[in-house]
Amino acid sequence: MRKAKYLLPIAALSLAFLVSCGGADKSKQESAKGESGSQVAEASEASEGGELNVQVGSSPETMDPALNSASDGATYILHAFTGLLSIDKNSDVVPGLAEKWEHSDDGLTWTFHLRPDLKWSDGTDLTAEDFVYSWKRLADPALAAPYGYDLLSVVAGYEEASNGNRDALQVSAPDKDTFVVKLSSPCTFFDQIAAFVSTAPVQKKTVEENGDAWATKPETYVSSGPYRMTEYVDGDRIVYEKNPYYYDKDNITFDKIVWHLIEDGNSVYTAYNQGELDLAKTLPSEEIPSLKGNEEFHLDPMMGTYYISFNTQKAPFNDPKVREALSLAVDRDYVANTIMQGTYTPANNLVGPGISDAAENSSFEEVTKEKYGNFFDNSKYEENLAKAKELLAEAGYPNGQGFPTFSYLTNDASYHKPVAEYLQNAWGQLGLTMNIDIQEWKTVTANRRSGNYDVARNGWVMDYNDPSNMINLFETGNGNNDGKYSNPDFDALVDKARKTANVEEHYDYLHQAEQVLLKDYGACPVAYYTEFYLEKPNLSNVWHTPTGYFLFMYGKKA
């Protein structure tokens, strides 16, 4: 998968995710992934400890598992927190803090059996009650967790919990080693939810005594995973050291991981070349041509889409004709193959390669093409641009006259600034004036979520292999719906997809929902993601997932 351009093969991305909440129950899903749940694999010949220095992002907006929604933040958190279940290097669900689990025949009751004598990183007992607290906290509207609705809406009592009575959420701890979840409808990929970082436990005492600051100070960042935080210098570094209380501590290899929080690609590239970094993700785009063919340059598949968010609650972007005009004026082929230098592929629809459909080894993207064709014809840019000018005139802005000056929110990493400069020129051909508003990454994510922008660069890397994970982003009230898009027809289709017990219906409803969103221009898909990074050749048994995470806990250096 390295140093090559590819389409994402379905088999390679088969994450053992089944269908959706409400999908057919294909198996009882009892845990059978090994007694210890260790993912050590070839790292059984463990390295002699040592220190790993990596750059996978800049300062995160948050280090709270429940509040994070960024892939770099998730990478940091996954090394400090383990949930009920985990995902291994083959993208299979394996035991985490729960050593086994099962669900009832009707799929409505899931029971997780914790490993005995679990400990927090401060040495205190970790029990099933900690999961009860953490899941209710995730549902609490006062927390406003971005993933709260997405992850827990299938849990019985969620609606009442999301309205303020979080104790209504149907999660319980019959004893200290048993955690039980009751669902309102079957969800055959609920094991994926139990393995997702946002559902990892947090310690009630440290959270309630320290407020938001609990996740920014080593002395209060009490965690459940392979590492514990020993240093946090915003804008510089986060340092982790092995957690001596972790159940799988004997298989964790590196004694220390230093996360270098560098945002500037040139600085990252220099640090890597000077031997200060073992892995570097944020690379200057101008260096990509020279890196292709280098054994240290990796180009890995990802399930995700780079898109533009319009603030649909703000004029003139609340007008679908305006959104359509701006979207049609984007030459996706040029962006992906010239600006992004062929490391991404042009988007034809919202959901891209690698995502399954109802049939075994099927592709949601291919079924979309068969049913509806490609929504964007990237071979007809001149025609698209002419139509964009017509639409803008119909919206009341002939040649851009009367259209207010607006800003495009982005961070300055990878291709984001060159793409912003391209958009400034492309939309300038419509007679529009766009300013580029470059902010640091953690500020971009906060402003986007709060709606404090006009137009913004955005993107989504899938959390699990079901198209609902991307399509549901645009549901009214979804915590990750940065554009605040709202359409009752779209919402109804997403809700039907969530609740149906028929696999084919589930995917058909999602196809219909995607078409509603595209025709409404609720977002502007631009390109399908890949991940490129530099990695030292002496590093082994570390892996990058199709969901955008880097995992180092079982790695070693020669």
Side-chain angles (χ1 to χ4, degrees), residues 6-15 17-23 69 71 91 150 189 192 301-309 327 330 332 335-336 344-378 458-475 478 480-483 485 487 489-491 493-498 500 503-531 545-548:
Y6 42 74
L7 294 177
L8 312 190
I10 298 299
L13 296 181
S14 175
L15 305 189
F17 307 133
L18 297 179
V19 283
S20 73
C21 296
S69 64
S71 58
S91 296
D150 259 357
F189 72 84
Q192 311 301 317
M302 288 176 69
M303 303 184 298
T305 301
Y306 187 111
Y307 64 90
I308 296 166
S309 283
S327 187
V330 177
R332 290 165 177 78
V335 172
Y344 289 33
T345 55
N348 301 307
N349 297 289
L350 175 65
V351 178
I355 314 303
S356 67
D357 208 281
E360 187 176 356
N361 295 324
S362 62
S363 160
F364 188 86
E365 180 197 32
E366 292 302 320
V367 174
T368 298
K369 291 178 183 179
E370 293 169 7
K371 284 187 173 183
Y372 305 101
N374 285 328
F375 190 79
F376 298 106
D377 188 342
N378 295 317
N458 213 326
W460 190 259
V461 178
M462 304 289 283
D463 300 311
Y464 43 83
N465 185 9
D466 187 277
S468 63
N469 182 241
M470 179 169 291
I471 293 171
N472 289 11
L473 293 177
F474 302 94
E475 193 174 7
N478 188 301
N480 290 305
N481 184 357
D482 294 338
Y485 172 74
N487 182 317
D489 294 333
F490 176 86
D491 291 347
L493 288 165
V494 166
D495 191 54
K496 288 179 180 179
R498 179 182 294 114
T500 182
V503 178
E504 287 75 17
E505 285 184 357
H506 165 74
Y507 284 96
D508 185 56
Y509 285 135
L510 290 174
H511 279 292
Q512 293 180 54
E514 181 184 34
Q515 293 303 305
V516 170
L517 176 73
L518 289 169
K519 291 174 182 177
D520 220 7
Y521 291 86
C524 175
V526 175
Y528 299 135
Y529 274 119
T530 58
E531 188 90 273
T545 73
T547 52

Interatomic distance, [X] atom [atom1] to [Y] atom [atom2] [nearest 0.5 angstrom]:
| X | Y | atom1 | atom2 | value |
| --- | --- | --- | --- | --- |
| Tyr464 | Ile355 | OH | CD1 | 11.5 Å |
| Asp491 | Glu475 | CG | CD | 5.5 Å |
| His511 | His506 | NE2 | NE2 | 9.5 Å |
| Leu510 | Leu350 | CG | CG | 11.0 Å |
| Leu493 | Leu517 | CG | CG | 11.5 Å |
| Lys496 | Gln512 | NZ | CD | 7.5 Å |

For [X] and [Y], which heavy atoms make the closest approach, and how far apart are they?
| X | Y | answer |
| --- | --- | --- |
| Pro525 | Arg332 | O-NE, 2.6 Å |
| Asn349 | Asn374 | ND2-OD1, 3.3 Å |
| Val503 | Ala358 | CG1-CB, 3.9 Å |
| Ser71 | Gly548 | CB-O, 3.8 Å |
| Phe474 | Ala523 | CE2-CB, 3.6 Å |
| Asn465 | Ser356 | OD1-N, 3.0 Å |

*CA sep, side-chain torsions, deciding dist, call: Phe490, Ile471, side-chain contact (heavy atoms from CB on, under 4.5 Å)*: CA-CA 10 Å; Phe490 176 86; Ile471 293 171; 3.7 Å; yes
*asked:* I'd like to know whether the aromatic ring centres of Tyr529 and Tyr344 sit less than 6.0 Å apart in this structure.
replied: yes
*Which residue pairs pass the salt bridge (charged side-chain N to carboxylate O under 4.0 Å, His left out) test with at least one member in residues 511-521, sequence neighbours excluded?*
Arg323-Asp520
Given 3.5 Å as the limit, does a donor-acceptor pair link the side chain of [X] with the main chain of [Y], or not?
| X | Y | answer |
| --- | --- | --- |
| Arg498 | Ser468 | no |
| Tyr307 | Trp460 | no |
| Asn478 | Asn480 | yes |

*asked:* Distance alone, cut at 3.5 Å: any donor-acceptor contact between the side chains of Tyr485 and Ser309?
replied: no
Heavy atoms, side chains only, cut-off 4.5 Å: are [X] and [Y] in contact?
| X | Y | answer |
| --- | --- | --- |
| Phe376 | Pro346 | no |
| Tyr528 | Asn348 | yes |
| Tyr509 | Asp495 | no |
| Met303 | Pro467 | no |
| Glu365 | Thr368 | no |

*asked:* Set out, in order, the CA-CA distance, both residues' side-chain angles and the distance that settles side-chain contact (heavy atoms from CB on, under 4.5 Å) for Asp508 and Glu504, then state yes or no.
replied: CA-CA 6 Å; Asp508 185 56; Glu504 287 75 17; over 6 Å; no
